[in-house]
Structure formats: structure tokens, C-alpha cells
Protein chains: 2
Amino acid sequence: MLSNSGKYALKAVLYLADKTDSSNKLMVKDLYQPTQVPKAYLAKLLQNLSKHNIISSTKGPKGGYYLTKENKENSVYRVIEVIDGNQRMEACVLGIEECNAQHPCPLHEYVGPSRAVLLGTLKKMTIGELSLDLKKGASFISS
Amino acid sequence: MLSNSGKYALKAVLYLADKTDSSNKLMVKDLYQPTQVPKAYLAKLLQNLSKHNIISSTKGPKGGYYLTKENKENSVYRVIEVIDGNQRMEACVLGIEECNAQHPCPLHEYVGPSRAVLLGTLKKMTIGELSLDLKKGASFISS
DNA sequence: TCCGAAATATGATTTTTATCATATTATTTT
DNA sequence: AAAATAATATGATAAAAATCATATTTCGGA
């Protein structure tokens with residue numbers, strides 16, 4: 001459903017949402033084990049997320065990655081969008097360019113509604129909201 | 001959502017469902033244009049689908065690919081499963097192996113329901129049923 | 001102001017997916 | 001039987017995604 005990069009990015013962002021803020025940062029070396037993402041690959045992903053203002057960072061000693069209050073207001077979907085683009089989840093299931101409600105592919109009307117619900121959920125829910133479950137122990141990322 | 005192979009396979013199978021039966025076959029050269037799938041790649045996909053009994057084939061002159069009544073009773077999901085495997089659509093959205101209802105990832109309870117509806121639809125609907133819309137002109141594959 | 005720590009930039013390598021090409025086998029028609 | 005046709009098997013190439021490695025920049029502390 002999501003690319004590996006998308007899964008990795010979401011895990012990292014949610015983990016950061018749970019564990020960090022402007023005064024509590026984490027470095028790549030603190031993140032790659034709990035998120036189970038290859039270290040060097042995670043580093044590259046975080047750089048990309050940072051460039052797109054999904055996460056925040058500061059260089060040098062005492063630096064690291066973290067999420068500001070504003071960062072936590074991004075939707076879950078926004079993270080996916082930045083990493084995987086919007087076509088992966090939103091384009092026609094059969095990849096037909098001209099498919100739309102007036103001129104639908106065979107699957108359009110059948111998968112459309114449930115997919116819209118799924119995407120609606122991802123677009124409404126913020127990273128901060130989701131991370132509350134982590135904080136409560138109602139969900140987990142690291143085993 | 002689906003791989004290119006998955007999209008291509010579904011388009012080809014649905015097109016065959018609409019146009020063929022035991023006495024009306026189509027060859028690769030008749031299929032690659034309406035389905036917009038690269039010819040040689042389509043050939044390989046059809047071989048694979050044939051091997052998995054998703055479609056039927058006969059060699060030699062007057063041969064080609066076609067769908068029997070039994071073939072048309074396969075679910076849409078079965079085609080996806082054969083080409084993309086079942087992990088792509090069914091595994092944890094974050095790719096966490098140990099994720100389940102008792103030990104859920106942060107997204108589990110939010111995406112689970114709508115995804116279940118989506119997959120349920122794909123699993124219940126048969127290729128034959130879907131192709132009826134094509135026959136009625138209520139949906140399309142070829143432009 | 002210099003040293004070390006950390007992100008950033010860049011790019012190389014590997015693996016997977018997608019694509020292309022061709023030789024082989026089976027079947028129908030002549 | 002031979003010839004032509006169409007799937008089948010196999011493998012080569014190209015493109016994209018994932019992974020790994022390293023040099024550079026920025027910042028804090030001694």
C-alpha cells in the first residue's frame with residue numbers, strides 16, 4: 001500500500017511525535033533501532049522530511065530531530081504525500097488516466113467509497129493526535 | 001496501491017472477461033493496445049496468469065487467451081493476489097510484523113475498518129460480475 | 001577560537017520491478 | 001508431413017526503489 005519509504009517515514013515521524021519536542025531531540029542513532037529502519041536510509045529520509053517541514057532539526061552538539069507543535073499539526077496523509085506522492089493512493093486503481101466519475105473504470109464505483117473513507121481518515125488525523133495513543137500505551141511502534 | 005503489474009493484469013483480465021469465452025479468443029497482439037500495456041510485458045503477465053489458472057489459453061493457430069465460465073468466477077482480489085501477493089494490501093500499513101488487534105500500530109484501528117471494506121469488496125466481487133458493467137457500457141478500459 | 005558532534009549534501013551500490021527480445025513447443029491447416 | 005501460428009520458457013536490459021558510504025557544513029562547548 002505504502003512504499004517502504006512511506007512506512008519508514010511514518011514510523012519515524014510518529015516516534016518523534018511521541019518522544020520529542022523543541023527541547024527534547026533525538027538523533028539518527030537513537031531512532032533507527034526503535035523504528036527498525038536501516039540507519040543510513042533513515043538519515044536520508046529524515047533529511048527529506050526536514051526539508052519539507054514535516055520535522056524539525058538542529059545541527060551540531062545538542063542537536064537532533066524533533067517535532068514542534070506546528071509539525072504535529074500536519075496530517076498523517078501529508079507525510080505520505082511528501083514521500084510517496086499523491087498518485088499512489090489517489091490515482092485510478094487501474095492506472096487509467098481518463099478515469100473519473102463520469103467516465104469510470106470498472107472498479108471506480110466499487111472501490112471509490114471505501115478508499116475515500118480511508119483517505120479521509122488519513123487526511124483528517126494529525127500526527128499529534130495519533131501520537132497520543134502511543135503516549136497512552138494504546139498503540140506501539142517499537143516492540 | 002497496486003503495482004504496475006497488478007494494474008496491467010486486472011485490465012487484461014477484465015478486458016478478456018468482456019470480450020472472450022471458450023470460442024472467442026484473443027491474442028497478445030489484440031490485447032496490448034486496448035489495455036495500454038507494453039506488448040512483451042503483457043505477454044509475460046498473461047503467461048503467469050495462465051499458469052495460475054486465472055485465464056485460459058490454447059496454443060497454435062486459432063489459439064489465444066480467453067476466460068472460461070470458471071475463470072470468470074475468480075474474485076478481483078484473486079488476480080491481485082497472484083500478481084502482487086497478499087502482503088501489499090493486507091499487511092500492517094506501517095509494515096510492523098507484530099501488529100494486530102491486540103497489539104496495534106498507531107494506525108491499526110483507524111485504517112483497519114475502511115481497508116477491510118475495500119478488501120471485502122474486492123474479494124466478494126467476481127471478474128465476471130465486474131465485466132458486466134463493461135458490456136453495458138457503464139464502465140470502460142480502452143479509451 | 002578550536003574541536004567534536006550532529007545534520008546536510010552528494011553520490012555509489014544493490015535489489016527489485018518493469019521492459020524487451022528470442023528460442024522452443026504445441027496445434028491447426030494445407 | 002510440412003508450414004504457419006500462437007502460447008511458453010528463458011533470459012537480457014533498463015529503470016526505479018532501497019540501501020550504503022562519505023565528505024561538507026553548522027553549531028555548541030572547552
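Numbered from 1 within each chain, the chains take letters A, B, ... in sequence-line order.
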**Study point:** Where at least one partner belongs to residues 115-131 of chain B, residue pairs that pass side-chain hydrogen bond (donor to acceptor under 3.5 Å, both in side chains), sequence neighbours excluded
**Key:** Glu90(B)-Lys123(B)
Taking atom [atom2] of [N] as reference, at what distance in whole Å does atom [atom1] of [X] sit?
X	N	atom1	atom2	value
Met27(A)	dA6(C)	CE	C1'	8 Å
Gln36(B)	dT19(C)	CD	P	13 Å
Leu46(A)	dT19(D)	CG	C1'	15 Å
Leu31(A)	dA6(C)	CG	C1'	13 Å
Lys7(B)	dA18(C)	NZ	C1'	12 Å
Tyr32(A)	dA18(D)	OH	C1'	18 Å
His52(A)	dT8(C)	NE2	C1'	15 Å
Asn48(A)	dT8(C)	CG	P	11 Å

Review point. Side chains of Ser23(B) and Tyr66(B): is there a donor and an acceptor less than 3.5 Å apart?
Key: no
N/O contacts under 3.5 Å, protein versus nucleotides 23-28 of chain D?
{"unit_1": "dT26(D)", "atom_1": "O4'", "unit_2": "Lys59(A)", "atom_2": "NZ", "d": "3.3"}

Sequence-distant partners of [X], side chain to side chain donor-acceptor pair (under 3.5 Å), two or more places apart:
X	result
Gln47(B)	none
Asp84(A)	Ser3(A)
Gln36(A)	none

**Study point:** Contacts of type salt bridge (charged side-chain N to carboxylate O under 4.0 Å, His left out), residue Lys136(B), not counting sequence neighbours
**Key:** Asp133(B)
Practice item. Tell me which residues in residues 64-99 of chain B put a heavy atom below 4.0 Å from DNA chain C, sorted by number, or none. Key: none
**Study point:** Summary of ring pair (Phe, Tyr, Trp, His ring centres under 6.0 Å) pairs that have at least one residue in residues 100-126 of chain B, sequence neighbours excluded
**Key:**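 The answer is Phe140(A)-His103(B).
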Do any side-chain nitrogens or oxygens of [X] fall under 4.0 Å of OP1 or OP2 in [N]?
X	N	value
Ser57(B)	dT8(D)	yes
Lys29(A)	dA6(C)	yes
Ser5(A)	dA18(D)	yes
Ser50(B)	dA7(D)	no

Practice item. Report yes or no: do Met27(B) and Tyr32(B) belong to one cluster of Ile/Leu/Val/Met/Phe/Trp/Tyr joined by side chain heavy-atom distances under 4.5 Å? Key: no
Check your understanding: What parts of residues 8-16 of chain B reach DNA chain D, counting only heavy atoms under 4.0 Å away?
Key -> none
Exercise for review: Quick one: do Leu107(B) and Leu122(A) satisfy side chain to side chain contact (heavy atoms under 4.5 Å, CB included)? Show the steps, please.
Suggested key: CA-CA 9 Å; Leu107(B) 282 168; Leu122(A) 296 177; 3.9 Å; yes
Review point. Considering only side-chain heavy atoms of Pro38(B), which listed nucleotide, dA6(D), dT19(D), dC20(C), is closest?
Key: dC20(C)
Name the pairs: protein N/O against N/O of nucleotides 10-16 of chain D, kept only if under 3.5 Å.
{"unit_1": "dG11(D)", "atom_1": "O6", "unit_2": "Lys44(B)", "atom_2": "NZ", "d": "2.2"}

Donor-acceptor pairs under 3.5 angstrom involving side-chain atoms of residues 10-20 of chain B: please list them, not counting sequence neighbours.
{"unit_1": "Lys11(B)", "atom_1": "NZ", "unit_2": "Thr35(B)", "atom_2": "O", "d": "2.9"}
{"unit_1": "Thr20(B)", "atom_1": "OG1", "unit_2": "Leu16(B)", "atom_2": "O", "d": "2.7"}
{"unit_1": "Thr20(B)", "atom_1": "OG1", "unit_2": "Leu67(B)", "atom_2": "N", "d": "3.1"}

Heavy-atom side-chain contact between [X] and [Y] under 4.5 Å:
X	Y	value
Leu2(A)	Met1(B)	no
Ser5(A)	Leu45(A)	yes
Thr68(B)	Lys72(B)	no

Review point. Mapping Tyr41(A) and Leu26(B) to their closest nucleotides on DNA chain D, which lands nearer the 5' end?
Key: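 Of the two residues, Leu26(B) wins.
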Return a table of donor-acceptor pairs under 3.5 angstrom between the side chains of residues 53-64 of chain A and protein atoms on other chains or two or more places apart.
{"unit_1": "Ser56(A)", "atom_1": "OG", "unit_2": "Asn71(A)", "atom_2": "OD1", "d": "2.6"}
{"unit_1": "Ser57(A)", "atom_1": "OG", "unit_2": "Ser50(A)", "atom_2": "OG", "d": "3.3"}
{"unit_1": "Thr58(A)", "atom_1": "OG1", "unit_2": "Lys25(A)", "atom_2": "NZ", "d": "3.4"}

